[in-house]
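What follows is one structure encoded as structure tokens, with my remarks underneath.
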Amino acid sequence: MRILSSDVSAHVGEQIHIEGWLHKKRLLGGLTFINVRDRRGLTQVVIKDKEEIEKLRGLHIGTVLAVEGMVVEEPRAPGGAELHDATLTVLVPVTDEPPIEIDKPIQHKPENLDTLFEYRVLNIRNLQEQKIFKIRGSLTRAIRNFLDEHEFTEIDTPKLLAEATEGGAEVFQLDYFGKTATLAQSPQFYKQIMVGAFERVYEIGHSYRAEPSATTRHLTELTMLDIEMGFVSGHDEVLDMVGDMTQHALKTIYEQHADDLKSLNAPELKLPEGGKIPRFTIAQIHEMYGKANKIDLSNEKDLIPDEEKWICEYARKELGTDLVYATEFPIGAAKFYHKVDAEKGVVMWGDLLFRGLEIATVPLRENNYETMVEQMTKAGLDVSHEGFKYYLQAFKYGLPMHGGCGFGIDRLVEKTIGLGNVKEATLFPRDINRLTP
RNA sequence: GGGCUCGUAGUGAAGUGGUUAUCACGCCUCCCUGUCACGGAGGAGAUCGCCGGUUCAAUCCCGGUCGAGCCCGCCA
């Protein structure tokens with residue numbers, strides 16, 4: 001029976017069988033140490049028999065091995081135990097020298113990110129590199145757990161669409177049996193439609209943006225958490241739900257992965273006392289930032305990137321929180337499906353900022369059929385068009401007041417760990433010039 | 001789409017208008033019984049991104065091109 005690395009120390013005095021990848025050889029003359037990697041980590045094997053060592057001659061890191069040996073308690077060994085008198089069996093030999101080293105820290109310097117992704121297949125075998133994606137998996141699991149507990153139904157919606165209907169970002173077009181199809185920029189329409197059935201829904205899936213953006217925070221294929229909830233009392237309820245979910249996910253991760261986060265040099269987590277994420281209106285932030293930096297941003301309809309960093313630094317320092325909401329966007333920023341507060345002259349839309357970056361947009365939607373048609377017409381859209389027909393059906397036949405969020409999972413992972421580029425939080429990132437691996 | 005910066009062994013870097021382009025890691029050979037980024041001795045490995053120009057001479061200077069990084073716009 002195969003014993004996994006983390007269980008080896010429980011078998012002291014027993015002859016056991018392990019399988020894994022050759023991770024490191026250290027030849028010290030009459031004594032050789034090898035590390036065998038499996039899904040749990042590393043096992044140290046000590047080999048003295050020259051014939052056994054010779055089996056590894058010409059074989060490189062990555063060679064798949066089976067090892068039989070006696071478990072010996074050894075304080076000098078990592079994990080407190082190691083295998084002695086080992087017999088090696090090469091299951092899959094690796095005869096070509098790997099192009100990169102995987103037992104040492106993987107470079108994440110901006111100018112070397114291209115190499116990082118070029119050799120992703122191999123560098124993901126680095127234990128430190130793996131932590132990023134284990135944390136990512138745990139984050140989405142914590143989010144799913146929270147949403148399931150709050151009676152959200154997980155849905156999956158099509159990514160192949162007849163054409164772009166949402167407007168805004170650039171869309172990818174592709175040939176679809178002679179017709180033109182597009183890739184979904186978001187599940188916006190579908191999740192709103194599903195509010196008409198399940199009240200509360202969410203989806204974790206890919207969205208596609210053909211924006212020619214070359215920055216540290218853009219991907220052409222991104223992972224979005226889309227949430228939509230009906231029968232809400234107002235915008236605050238949506239902001240609170242998304243805020244609570246985010247805090248739950250972060251708290252969970254910082255407990256489950258405390259050691260991993262520490263070894264990755266993640267910042268200390270600061271969440272607001274009492275659990276309420278502070279809110280500043282766009283106008284307030286413009287004023288505060290403008291005063292501190294002596295510039296006038298009152299005509300900007302969104303925050304500029306430096307403002308996002310600034311307000312986050314302010315919130316961390318003055319209010320002890322890594323999360324902050326920017327709310328009440330100017331009416332000029334509204335899309336046709338947003339709920340507008342006519343009295344205040346603002347959009348009921350909040351951006352969730354985390355450690356200097358926008359990670360989610362959290363708006364309330366217009367749910368009245370007549371108002372929707374009016375807003376769409378005003379936006380220059382043809383409401384009779386096929387792309388809107390099915391969407392509007394949901395409104396015509398009864399949608400309660402609802403709101404939700406588009407939440408960037410890649411960005412959440414990036415900022416949770418304290419990485420410098422959203423691509424580092426993505427296994428196989430897609431950007432303007434990268435379609436492989 | 002606009003701006004700025006950068007392309008040198010497999011990887012990461014240094015460097016120069018002029019003989020054999022430097023270093024670290026990795027790789028190969030040998031030595032080494034407690035390594036864990038092991039250590040030591042030796043060795044192989046680079047048409048200096050590509051094309052053109054200036055020059056007696058270009059990896060270096062100039063132009064173009066391709067590729068990469070960062071910032072802005074836009075967004076998650």
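All heavy atoms count here, side chains included; hydrogens, waters and symmetry mates do not. In the text below, chain A, chain B and the rest are named by the order of the sequence lines, each starting its count at 1.
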Between R411(A) and E414(A), does the salt bridge (charged side-chain N to carboxylate O under 4.0 Å, His left out) criterion hold? Intermediate values first, please. CA-CA 5 Å; R411(A) 288 185 179 184; E414(A) 174 202 350; 5.8 Å; no
Quick one, R57(A) with E52(A), criterion salt bridge (charged side-chain N to carboxylate O under 4.0 Å, His left out). Give me CA distance, side-chain angles, the key distance, then yes/no. CA-CA 10 Å; R57(A) 182 178 286 273; E52(A) 292 301 320; over 6 Å; no
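Remark: the Y391(A) side chain and the Q192(A) side chain contain an N/O donor-acceptor pair separated by less than 3.5 Å.
Near-neighbour residues of RNA chain B inside residues 421-430 of chain A, defined by a heavy atom below 4.0 Å, number-ordered: N421(A).
Screening residues 86-100 of chain A for side-chain hydrogen bond (donor to acceptor under 3.5 Å, both in side chains), with sequence neighbours left out, gives no hits. Applying the salt bridge (Lys or Arg N to Asp or Glu O under 4.0 Å) test to every pair with at least one member in residues 17-31 of chain A, sequence neighbours left out, gives these pairs: K24(A)-D103(A). Under the salt bridge (Lys or Arg N to Asp or Glu O under 4.0 Å) criterion, the residue pairs touching residues 3-14 of chain A are D7(A)-R40(A), with sequence neighbours excluded.
Across A44(B) and U54(B), the matching C1' atoms stand 37 Å from one another, rounded to whole Å.
Between N112(A) atom CG and G69(B) atom P there is a gap of 10 Å when expressed in whole angstrom units. The separation between L116(A) atom CG and G69(B) atom P is 11 Å, rounded to whole Å. For the pair Y325(A) OH and A76(B) P, the interatomic distance rounds to 14 Å; values are reported in whole Å. Remark: P of C72(B) and CD1 of I432(A) are 14 Å apart, rounded to the nearest angstrom. For E221(A) and C75(B), the CD to C1' distance is 17 Å, given to the nearest whole Å. When the P atom of A76(B) is taken as reference, atom CG of L183(A) falls 17 Å away, rounded to whole Å.
Residue D410(A) is out of contact with every strand shown, counting any heavy-atom pair closer than 4.0 Å. Across all strands shown, L42(A) has no heavy atoms under 4.0 Å from either base or sugar-phosphate atoms. Residue I359(A) is classed as a sugar-phosphate contact, given heavy-atom separations below 4.0 Å to backbone atoms only.
Using bins of under 30°, 30° to 60° and over 60° for the plane-to-plane angle, the ring pair F336(A)/F189(A) lands in the perpendicular bin. Below 30°, between 30° and 60°, or above 60°: for W310(A) and Y314(A) the angle between ring planes is below 30°, a parallel geometry. Taking the six-membered ring where tryptophan is involved, the planes of H338(A) and W349(A) are tilted, since the angle between them lies from 30° to 60°.
In this entry C61(B) has G53(B) as its Watson-Crick or G-U wobble partner, both defining distances falling under 3.5 Å. In this structure U29(B) sits in a base pair with A41(B), meeting the Watson-Crick or G-U test at under 3.5 Å. The nucleotide U20(B) finds no pairing partner, because no Watson-Crick or G-U wobble arrangement with both distances shorter than 3.5 Å includes it. In this structure, C36(B) makes no Watson-Crick or G-U wobble pair, since no nucleotide meets both defining distances under 3.5 angstrom. Using Watson-Crick or G-U wobble geometry with both donor-acceptor distances under 3.5 Å, C70(B) finds its partner in G3(B).
With A68(B), A76(B), C71(B) as the choices, the nucleotide that has an atom nearest any side-chain atom of T216(A) turns out to be C71(B). Taking only side-chain atoms of I100(A), from C-beta outward, the nucleotide of U11(B), C72(B), A76(B) with the closest atom is U11(B).
Counting atom types as modelled, R217(A) pairs no side-chain N or O with a base atom of A76(B) as donor and acceptor under 3.5 Å.
Phosphate contact (OP1/OP2 of G12(B), side-chain N/O of T115(A), threshold under 4.0 Å): present.
With the nearest nucleotide of RNA chain B identified for both D306(A) and P110(A), P110(A) has the one nearer the 5' end.
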Short N/O separations, protein against nucleotides 4-8 of chain B, under 3.5 angstrom:
none

Could you run through nucleotides 23-37 of chain B and give me one letter per nucleotide, 5' to 3': B if any protein heavy atom sits under 4.0 Å from the base, S if only the sugar-phosphate is that close, - if neither? --BBSSSS-BSBBBB
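Salt bridge status for D240(A) with R279(A): present, with a side-chain N to carboxylate O gap under 4.0 Å. Between K270(A) and D322(A) no salt bridge is recorded (no basic side-chain N to carboxylate O distance below 4.0 Å).
The 12-atom threshold is not exceeded at CD of E73(A), counting heavy atoms of other residues, nucleotides or ligands nearer than 6.0 Å.
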